[in-house]
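Remember, it's 1-based here, ligands and their atoms both numbered in the order they're listed. Here, residue 1 is the first one in the sequence, and each next residue gets the next number. What you see below is based on every heavy atom in this structure, not just the backbone, and it leaves out hydrogens, waters and symmetry mates.
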Amino acid sequence: MIKVEVDLGERTYPILIGSNLLGQASLIRPHIHGKRALIVTNEVVAPLYLEKLKSGLSDVQCDHIVLPDGEHTKTLATLSSIYDKLLADRHERSTTLIALGGGVIGDFTGFAAATYQRGVNFVQVPTTLLAQVDSSVGGKTGVNHPLGKNMIGAFYQPQCVLADTEVLGSLPDKELKAGIAEVIKYGLIDNPSFFAWLEDNIDGLVAGDMALLAEAVRVSCEEKARIVAADEKEGGVRALLNLGHTFGHAIETAMGYGTWLHGEAVAAGMVMAADLSCRLGWLSPAEAQRAKALLKRAGLPVSPPPAMTTDDFLRLMAFDKKVLGGKIRFILLRGLGQAVIESGIDAALLQQTLEAKEGLCQG
Ligand code: NAD
Ligand code: GLY
C-alpha cells in the first residue's frame, strides 16, 4: 500500500492507494471518530462493493443509502434525500459519512457532510479512476445547477481517502477512459516526464493493466495533493487543475448532464485549450498535436459536439467559476507541462477555436 498525504496542517489526511484495500476497510476505522456511520452509494456500486466495505467495519453501526446512478442525480433533491435518511435514522453530529462510488457520489456526499448539522466527519472510498485520481482528493464538494456545473457547494476535506485499485477492474471501458483524461491533465499541467510516460504506456492503461493504473493513480494523487496543499481554496495555482474545464463544463451543461461524461468533456476541452494556446503562439502546432494525439489514443473525444455553436459556448462559459469581473479566465499551455492562468484572451482567436471543430490543433 502507498500512502500520499494531503498536507493541510491540522486537517492533513492520507490517501491510501493499493490493491484489495476494500477488504481491509479497517484501514479507515481510525478516521471514523464516533460509533456510527452512513455509507452513501448507488445502485451500480452497492451490489459490487457495499458488503465488502461494511464487513471491515463491524464495530461501527453502519447504515447505508443506495441512490440512483448518474450525473443527473447530482442535485439538491438528492442531497435532501441524504439529510432525510440521516435524520430519520437519528444520526448525531458525531456520525461519519462514507462516500462509496465515483465522483458523483463523492461530490454530493461531501457536501452533505459539510452541511449536515454544520459539518460531520467524511471519508472518501472512490471506485472510479476519475474519482481516485481527482475528485476524491482536495475537498471540492457540491451539486449541479441547471445553469451550470458544480455551482452549489463547499470546500470540505475528507478525513481519509481509500483508493482500492482492484475495483477499477469492474469499470466499463468508457468510464476508465474518462478517468484517463484527468490523468493526462496532470501531465499537461506541470509534469512533462509524466506526459512522456503516458505516451509510452497509454495502450496498457486503456487495456486496464492494473500495475500501470496503480502507478497512474499514485502520480496523479501526488500531483493533486501538492497543488491542493499549496492553494486549498483556489486563490491561485489550484485553478490550473481546471485545464480543459471551462470548455468542458460548457459541453456537459449544453448536452444535458450525463450525456457526455465529465472526463470526455474535459478531454475535448483540453484539445480546445491546446488549440487556443497554439493560436496565441504559446504552443507549437507539433506540441498541440501531441496533446491531441495522446487523448485520441486514449479513445477520448478530441473535438466538441458538432451541435454546439460558438454562442452556446460563450453563453455557458460566462457561468464558469473562474469568471472574474465579467472576464473568463482560461487555463492555457505555454508548453506541454506548463499550464498558465490567463484572462483577456483575444476574442477573435477564441472565436477561431470555438469554430475549428474537427480542425482543432492543425496549426
Ligand atoms: P460517476 O460517479 O458517475 O461514475 C461513473 C459510472 O461508473 C457510474 O455509473 C457509477 O455508478 C459507475 N461505477 C463507479 N464505480 C464503479 C466500479 N468500480 N465498477 C463499475 N461501475 C462503477 O462519474 P465519475 O467519472 O467518477 O465522476 C464524475 C463527477 O466527478 C462529475 O460530477 C464531476 O463534476 C466530478 N468531479 C469532481 C471533482 C472534484 O474535485 N470534486 C473533480 C473532477 C470531477
Ligand atoms: N478538479 C479540480 C480541482 O479539484 O480543483
Peer 1: For atom 4 (O) of ligand 2, what's the nearest protein heavy atom and its distance?
Peer 2: K224 NZ, 2.6 Å
Peer 1: Taking NZ, NE, NH1 and NH2 as the nitrogens, is one of them in K85 or D63 under 4.0 Å from a carboxylate oxygen of the other?
Peer 2: no
Peer 1: Applying a strict 4.0 Å limit to heavy atoms, is H245 in contact with ligand 2?
Peer 2: no
Peer 1: Just by distance, no angles: are the side chains of Q338 and D190 close enough, under 3.5 Å, to form a donor-acceptor pair?
Peer 2: no
Peer 1: Quick one: does I15's side chain get under 4.5 Å of V137's, heavy atoms only?
Peer 2: yes
Peer 1: Taking the side chain as everything from C-beta on, heavy atoms only, tell me whether I105 gets closer than 4.5 Å to Q124.
Peer 2: no
Peer 1: Which residue and atom name correspond to the protein heavy atom nearest atom 1 (N) of ligand 2, and how close is it?
Peer 2: D134 OD1, 3.2 Å
Peer 1: I'd like to know whether D59 forms a salt bridge (Lys or Arg N to Asp or Glu O under 4.0 Å) with R29, so could you lay out the CA-CA distance, the side-chain angles of the two residues, the decisive distance to 0.1 Å, and finally the verdict.
Peer 2: CA-CA 9 Å; D59 64 330; R29 184 63 189 90; 3.0 Å; yes
Peer 1: Kindly tell me which protein residues have any non-hydrogen atom under 4.0 angstrom away from an atom of ligand 1, grouped by chain and ordered by number?
Peer 2: N42, V44, V45, L48, Y49, D69, E71, K74, G102, G103, V104, D107, T127, T128, L130, D134, S135, K140, K149, N150, V167, S170, L171, P172, E175, E182, K224, H262
Peer 1: Around atom NZ of K327, are there more than 12 heavy atoms of other residues, nucleotides or ligands at under 6.0 Å?
Peer 2: no
Peer 1: Is it the case that H262 and E252 place a side-chain donor and acceptor less than 3.5 Å from each other?
Peer 2: yes
